[in-house]
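Written out below as structure tokens is the structure these notes cover.
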There are 2 protein chains.
Amino acid sequence: METGRSLIDAVRERCGRCSGRSLSICNVIDDQDLPALVAASSRVVFPSGRCFIQEGAPAHDFYVLTGGRAKLFTLMPDGRRQIVGFAELGDFLGLTSSETYAFTAEALGDVTLCRFPHSAIDRLVERFPRLRGRLQKEASSELVKMQSRLMVLGRKTARERLASFLVEQASPCCGHHALHDEREPLTLPLPMSRTDIADYLGLTIETVSRTFGLFRKEGLISVKGASSVTLLEPGVLSDMANGIKRD
Amino acid sequence: METGRSLIDAVRERCGRCSGRSLSICNVIDDQDLPALVAASSRVVFPSGRCFIQEGAPAHDFYVLTGGRAKLFTLMPDGRRQIVGFAELGDFLGLTSSETYAFTAEALGDVTLCRFPHSAIDRLVERFPRLRGRLQKEASSELVKMQSRLMVLGRKTARERLASFLVEQASPCCGHHALHDEREPLTLPLPMSRTDIADYLGLTIETVSRTFGLFRKEGLISVKGASSVTLLEPGVLSDMANGIKRD
DNA sequence: CCCATCAATTGATCTAAATCAATCTTCTAC
DNA sequence: GTAGAAGATTGATTTAGATCAATTGATGGG
């Protein structure tokens, strides 16, 4: 919460050059109203591996992710883990129907976020009614993604799951902008570990590794050092992800 | 869309005695404003087996379920099916971020719904701003349910999945009202087929049937004619659903 | 630069659940 | 009531992916 001169600087510094501005819920706020946004929020930075939202903890704040990426997961008492999503630029975290967070969020590499206390959001919504609609749209869009994840976990094979994951990673944030070109190679950074991918896809680390190996042998991808993949046949992978057989 | 005298009758007939009134989004509308609700919507009834929302079709309407139950599912091109949820009294269907429905909805037994064209909802939201918040809460709560379904499909065993399903069916609609009593038997109607349960839990019909058989042998449930179960040990089932071992 | 540590790969074996295959119920229509 | 059809159960066998077990390859501190 900044005031006076420093607030104007903060606006210029924070929202003005924020790479999440056009993607996040902030895109329903006009430039001249940005000071209200800055006043309502504070910027926070977390180092790799830090859990900044704890499943079950009282939910006091919303977050907009403005840099880096995060993994969102839930745990069972015996340690089984399900990653429910990866958050990226512009994603909105902390929507929950109850008084507590439904998942833990952990920084994948360093992460920067804008934190909005619930009370501040309420005030913002009152002042900018469009924000409420934007929040609902965000929730609905997440809901649609969840439905396709259920299909991945409930009905797809290991190959189809990994293909779904790669194709999903290839469509940057805002979604269903189809793959640029059927045959155009596409290189992706993979900031998450094989264990994370396994816990996202409901597989074991060994199966993920083996399936990467198969895709490599089949000329569908090439791998550089475990944290970067190139999709050599995006069209084939996309069809595989959707359960469509070619010939 | 009724008018004049018939509208008042319709209000008394429709919302006044609607069993979904207190559960659905309609509970943010005061009694004296009900006519606006009735005017904005139409009541529709579908027979068992009818698909009243089609995955991929243009999304023109929202629905509030006011009687019966429905299954919501998505299909893969080869016919694999994932049920993404069962809708019951008061549930709100048709929230989507895109211009098309994300799932198919099919009546499980006869179903009655209130249908709201998108345009009508927009007008209602303008007139009753609280409605927007209610819609968002609905979406958020569905999101939380989805996260626990991901854990079911991604990480739980067949026994844990079926236990999760039974416990979920036992907590009527509004959720986490814990099971009445650890040891109090609880009888549930199961309007869905074994195939539906299998497609909801990411299992085959045979595995569902076998697991029912095991639970029966272990004295955890008793089954009356495939469409009714009694939970004899709700506490044990609940622990099993959450992956907690007893003794 | 090299060792220690942790992540990823690869191989051998096992198993939970799928698939294949009969029955056995339940319900409906006549 | 009875025949037919659909759904559910139960059994035998197979298999995709898990588990167990080394090895190999990265990464970072001294």
Side-chain angles (χ1 to χ4, degrees), chain A residues 47-49 71 76 78-83 106 108-110 152-165 189-218 221-229 240 243, chain B residues 47-49 71 76 78-83 106 108-110 152-165 189-218 221-229 240 243:
Chain A
S48 187
K71 56 186 175 192
M76 288 177 69
D78 61 2
R80 276 176 284 176
R81 192 175 68 146
Q82 178 64 47
I83 291 186
E106 179 182 327
L108 272 174
D110 294 351
V152 169
L153 294 180
R155 288 298 180 219
K156 291 189 186 177
T157 66
R159 285 169 63 87
E160 289 166 349
R161 291 182 202 205
L162 189 60
S164 298
F165 169 75
L190 292 184
M192 64 291 287
S193 69
R194 293 289 186 267
T195 303
D196 290 338
I197 298 174
D199 285 346
Y200 182 58
L201 297 177
L203 301 169
T204 59
I205 177 179
E206 293 94 332
T207 299
V208 169
S209 185
R210 275 186 250 275
T211 308
F212 265 113
L214 285 174
F215 284 2
R216 201 157 36 73
K217 248 181 245 164
E218 294 166 12
I221 63 171
S222 78
V223 179
K224 272 273 172 216
S227 64
S228 166
V229 214
M240 186 188 299
Chain B
S48 188
K71 58 187 177 195
M76 288 177 69
D78 61 2
R80 276 176 284 175
R81 192 175 68 144
Q82 178 64 46
I83 291 188
E106 180 183 327
L108 272 174
D110 294 352
V152 169
L153 294 180
R155 288 297 180 219
K156 291 190 186 177
T157 65
R159 287 168 63 87
E160 290 165 349
R161 290 182 204 205
L162 189 61
S164 298
F165 169 75
L190 292 183
M192 64 291 286
S193 69
R194 294 288 186 268
T195 304
D196 291 338
I197 297 174
D199 285 346
Y200 182 58
L201 297 177
L203 300 169
T204 59
I205 177 179
E206 293 96 331
T207 298
V208 169
S209 186
R210 273 186 250 276
T211 308
F212 266 113
L214 286 175
F215 284 1
R216 199 157 37 71
K217 249 182 245 164
E218 295 166 12
I221 63 172
S222 79
V223 179
K224 272 269 173 219
S227 65
S228 167
V229 216
M240 188 189 299

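Chain naming here is simple, since letters A, B, ... match the order of the sequence lines and numbering starts at 1 in each. Treat the numbers as computed from the prediction; the structure is a model and nothing was measured.
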Legend entry - Nearest-angstrom distance from the residue atom NZ of A:K156 to P of C:dA18: 18 Å
Legend entry - For atom NZ of A:K217 and atom C1' of C:dG11, their distance in whole Å: 11 Å
Legend entry - Residue pair B:M240 / B:T157, side-chain heavy-atom distance below 4.5 Å: no
Legend entry - Minimum-distance nucleotide to A:T157 side chain [options: D:dA8, C:dA8, D:dG17]: D:dG17
Inset, instruction - Send over the distance from A:K224 NZ to D:dA26 P, rounded to a whole Å. - result: 10 Å
Legend entry - For atom CG of B:D196 and atom C1' of D:dG7, their distance in whole Å: 11 Å
Legend entry - Nearest heavy atoms of A:L162 and A:F212, plus distance in Å: CD2-N, 3.7 Å
Inset, instruction - Using a 4.5 Å cut-off on heavy atoms from C-beta on, say whether the side chain of B:R159 contacts that of B:E218. - result: yes
Inset, instruction - For A:R194 and for A:R155, find the nucleotide of DNA chain C with the closest heavy atom, then tell me which residue's nucleotide is more 5'. - result: A:R194
Inset, instruction - Look at B:R81 together with B:D196 and state whether they make a salt bridge at an N to O cut-off of under 4.0 Å. - result: yes
Inset, instruction - State plainly whether the residues A:E206 and A:R194 are in salt-bridge range, i.e. N to O under 4.0 Å. - result: no
Inset, instruction - Using heavy atoms and a sub-4.0 Å distance, could you list which residues of residues 198-214 of chain B are near DNA chain C? By number, please. - result: B:G202, B:L203, B:T204, B:E206, B:T207, B:R210
Legend entry - Salt-bridge present (B:K71, B:D199; N to O < 4.0 Å): no
Inset, instruction - Remember a base hit wins even if backbone is also touched, and classify A:R216 as base, sugar-phosphate or nothing at under 4.0 Å, heavy atoms. - result: sugar-phosphate
Legend entry - Whole-Å gap separating P (D:dT15) and CZ (A:R159): 17 Å
Legend entry - Gap between atoms CZ and C1', on B:R80 and C:dT19 respectively (whole Å): 15 Å
